[in-house]
Amino acid sequence: MIESTLAKDSLSHRGSLRVFHADMNVAESLSVAQNIAITDDGGNLLSFVRMEGTKLLSKETAISKVMTTTSIRQAMGQLNPTLELELIVAAGGSLINIEGGQALIVANYCVGATGVDSGTGQQGIVIANAETAALISEEPEL
């Protein structure tokens, strides 16, 4: 069995676990409980965890963040504010523009995304950036 973290140009289940462990380590080092959602490049949910002590509705927010990030292929919180409401309505309310989502880019390909919620937006950014570094550090170019 091949132990790759990528399946073609998409995040594999092994890759999602690598990202997940990097997220958990950073969240624990920050002493903040998080909901963490990870998708492949097509928006398929590969991993989800709810750390003990997260906020009640942050599960849905983490999943919305990862779905939005997968769709726009960039970090959350960067949508054009003048188009934000129109995009949210067009997406049936499932798109959001809150910090804490990160596209996972390897060799210039978006292979998946992550959404983190229950702490502050800045904590989500720190966690999201650490996981991208963890994925890229061990993966050859596609």
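Since this is a predicted model, take the numbers as computed values, not measurements.
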- Query: Should Ser58 and Asn35 be marked as a side-chain hydrogen bond (donor to acceptor under 3.5 Å, both in side chains) after you check the CA-CA gap, both sets of side-chain angles, and the distance that decides it?
  - Reply: CA-CA 7 Å; Ser58 63; Asn35 284 300; 2.5 Å; yes
- Message: Test of understanding: clusters of I, L, V, M, F, W, Y form through side-chain heavy atoms closer than 4.5 Å, transitively. Do Val66 and Ile36 belong to the same one?
- Response: no
Using the side-chain contact (heavy atoms from CB on, under 4.5 Å) criterion, which residues pair with [X]? Sequence neighbours excluded.
{"X": "Gln123", "value": "Leu30, Val32, Gln34, Thr120"}
{"X": "Ile63", "value": "Ala37, Phe48, Lys59, Met67"}
{"X": "Glu60", "value": "Leu57"}
{"X": "Ser47", "value": "Ser16, Leu17, Ile38"}

- Message: I'd like to check the side-chain hydrogen bond (donor to acceptor under 3.5 Å, both in side chains) partners of Thr69; sequence neighbours left out, ordered by chain and number.
- Response: none
- Message: Going by the rule side-chain hydrogen bond (donor to acceptor under 3.5 Å, both in side chains), which residues pair with Thr68 if we only count those two or more places apart in sequence or in a different chain?
- Response: none
- Item | Backbone of Glu28 reached by a side-chain donor or acceptor of Asn25 within 3.5 Å | no
Between atom [atom1] of [X] and atom [atom2] of [Y], what is the distance when rounded to the nearest 0.5 Å?
{"X": "Gln102", "Y": "Ile125", "atom1": "CD", "atom2": "CD1", "value": "9.0 Å"}
{"X": "Leu104", "Y": "Asp41", "atom1": "CG", "atom2": "CG", "value": "10.5 Å"}
{"X": "Ile127", "Y": "Met24", "atom1": "CD1", "atom2": "CE", "value": "10.0 Å"}

Distance-minimising heavy-atom pair for [X] and [Y]:
{"X": "Ile96", "Y": "Ser64", "value": "CD1-CB, 3.7 Å"}
{"X": "Ala103", "Y": "Arg73", "value": "CB-C, 3.7 Å"}
{"X": "Ala113", "Y": "Thr70", "value": "CB-OG1, 3.3 Å"}
{"X": "Leu46", "Y": "Leu11", "value": "CD1-O, 3.6 Å"}

Would a 4.5 Å heavy-atom cut-off, applied to side chains only, mark [X] and [Y] as touching?
{"X": "Asn44", "Y": "Thr39", "answer": "no"}
{"X": "Val116", "Y": "Lys65", "answer": "no"}
{"X": "Ile105", "Y": "Val111", "answer": "no"}

